[in-house]
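Written out below as structure tokens is the structure these notes cover.
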Amino acid sequence: DGELLHLAITKHRINLPNNAYGILTIGNDITSRKRNEEIVNIQYTIDYLASLKDGLKKTLSIILEKIFILYWVDGGGIYLWDENLRRLKLESHQGLSKEFIKEVKFYNEDSAQVKLLLNHTKVYLEVDLLDPDIRNVTEKEGIRFLAVIPLIDQSTGALIGSLNLASRKFVKISEQEKK
């Protein structure tokens, strides 16, 4: 399905008759371990940034940059929730065209995305399943899969914003990647 795998290769020399030899190679799939290491690295970065108290926007921007370590992420953005205007506003983005950004700069309270986020619902879906208006814009950008993850203030339970990630290569991700 186009997914890149990480392999650990070992080789052993095998002596054969008449001074001949052969090589036995063994490939061990370590993809899961490597992906877990990447996710732990992102978590360490988030924890470190939180300890610096550099401000929410700067911290979120750095986190977005680090998330591109994940093999399936091609583009993404961080939205912040404006309680007064009752809308999400794109604050930081990467890997997306200017035209696409113009179309998705804001999401108002009546949008499906905001309704889900206000309920603290994570969304992972193929672009084919989106409403036609958003699907057309997203398909023009070449995006095939979206993950929309609410950012919640742990102390109050209030919505801070969302982390939106996009893939142009994949239409689904593993349960481990979702975690």
Distance, nearest 0.5 Å, that separates CD of Glu103 from NZ of Lys140: 7.0 Å

First locate atom CD1 of Ile78, then atom NE2 of His93, and finally report the distance between them rounded to the nearest 0.5 Å. 11.5 Å

In one Ile/Leu/Val/Met/Phe/Trp/Tyr side-chain cluster, 4.5 Å: Ile23, Ile26: no

Output the distance between atom CG (Leu5) and atom OG (Ser32), rounded to the nearest 0.5 Å. 11.0 Å

Do you know the tightest heavy-atom contact between Phe68 and Val73? CD2-O, 3.9 Å

Can you confirm whether His12 sits close enough to Thr10 that some side-chain heavy atom of one is under 4.5 Å from a side-chain heavy atom of the other? yes

If you define the side chain from C-beta out and look only at heavy atoms, does anything of Leu88 sit under 4.5 Å from Asn108? no

Candidate pair Gln113 and Ser162, rule side-chain contact (heavy atoms from CB on, under 4.5 Å), full reasoning: CA-CA 10 Å; Gln113 177 168 321; Ser162 72; 3.7 Å; yes

Rounded to the nearest 0.5 angstrom, the NZ-OH distance for Lys122 and Tyr124 is 5.0 Å

Of all heavy-atom pairs between Leu90 and Tyr79, which one has the smallest distance, and what is that distance? N-CD2, 3.3 Å

Would you indicate whether the side-chain heavy atoms of Leu80 and Glu91 approach each other to under 4.5 Å? yes

Rounded to the nearest 0.5 Å, the CD1 atom of Ile9 sits from the NZ atom of Lys11 at a distance of 10.5 Å

Look only at the side chain of Thr31 and the backbone of His6, and say whether a donor-acceptor pair between them is shorter than 3.5 Å. yes

Under the side-chain contact (heavy atoms from CB on, under 4.5 Å) rule, what do Leu163 and Ile67 come out as? Steps first, then yes or no, please. CA-CA 10 Å; Leu163 171 64; Ile67 287 176; 3.4 Å; yes

Evaluate Leu7 against Asn28 for side-chain contact (heavy atoms from CB on, under 4.5 Å), listing each step before the verdict. CA-CA 5 Å; Leu7 298 175; Asn28 193 6; over 6 Å; no

Is the shortest heavy-atom distance from the side chain of Glu126 to the side chain of Arg144 under 4.5 Å? no

Could you tell me which residues satisfy ring-ring contact (aromatic ring centres under 6.0 Å, His included) with Trp72, sequence neighbours excluded, listed by chain and number? Phe145

Taking every heavy atom of Tyr107 against every heavy atom of Ser111, the minimum-distance pair comes out as CB-OG, 3.7 Å

Checking side-chain polar atoms at under 3.5 Å, does Arg86 have a donor or acceptor matched by the opposite partner on Asn84? no

Any non-hydrogen side-chain atom of Glu83 less than 4.5 Å from a side-chain atom of Trp81? yes

N/O donor-acceptor pair under 3.5 Å between Glu141 side chain and Ser97 backbone: yes

Is there side-chain contact between Phe100 and Val137, with heavy atoms separated by less than 4.5 Å? yes

Using residues 151-160 as the side-chain source, report each donor-acceptor pair under 3.5 Å to any protein atom, sequence neighbours left out, with the distance given to one decimal.
unit_1	atom_1	unit_2	atom_2	d
Asp153	OD1	Ser155	N	2.8
Asp153	OD1	Ser155	OG	2.6
Asp153	OD1	Thr156	N	3.4
Thr156	OG1	Ala158	N	3.2

Single-linkage hydrophobic cluster Ile143~Val171, side-chain heavy atoms < 4.5 angstrom: no

Rounded distance [0.5 Å steps], OG1 in Thr138 versus CG in Leu146: 5.5 Å

Can a salt bridge be assigned to the pair Asp74 and Lys169 using a cut-off of 4.0 Å between side-chain N and carboxylate O? yes

Quick one, Val127 with Arg135, criterion side-chain contact (heavy atoms from CB on, under 4.5 Å). Give me CA distance, side-chain angles, the key distance, then yes/no. CA-CA 6 Å; Val127 169; Arg135 183 176 61 231; 3.8 Å; yes

Kindly work out whether a path of hydrophobic side-chain contacts (I/L/V/M/F/W/Y, heavy atoms less than 4.5 Å apart) joins Val123 to Phe106. no

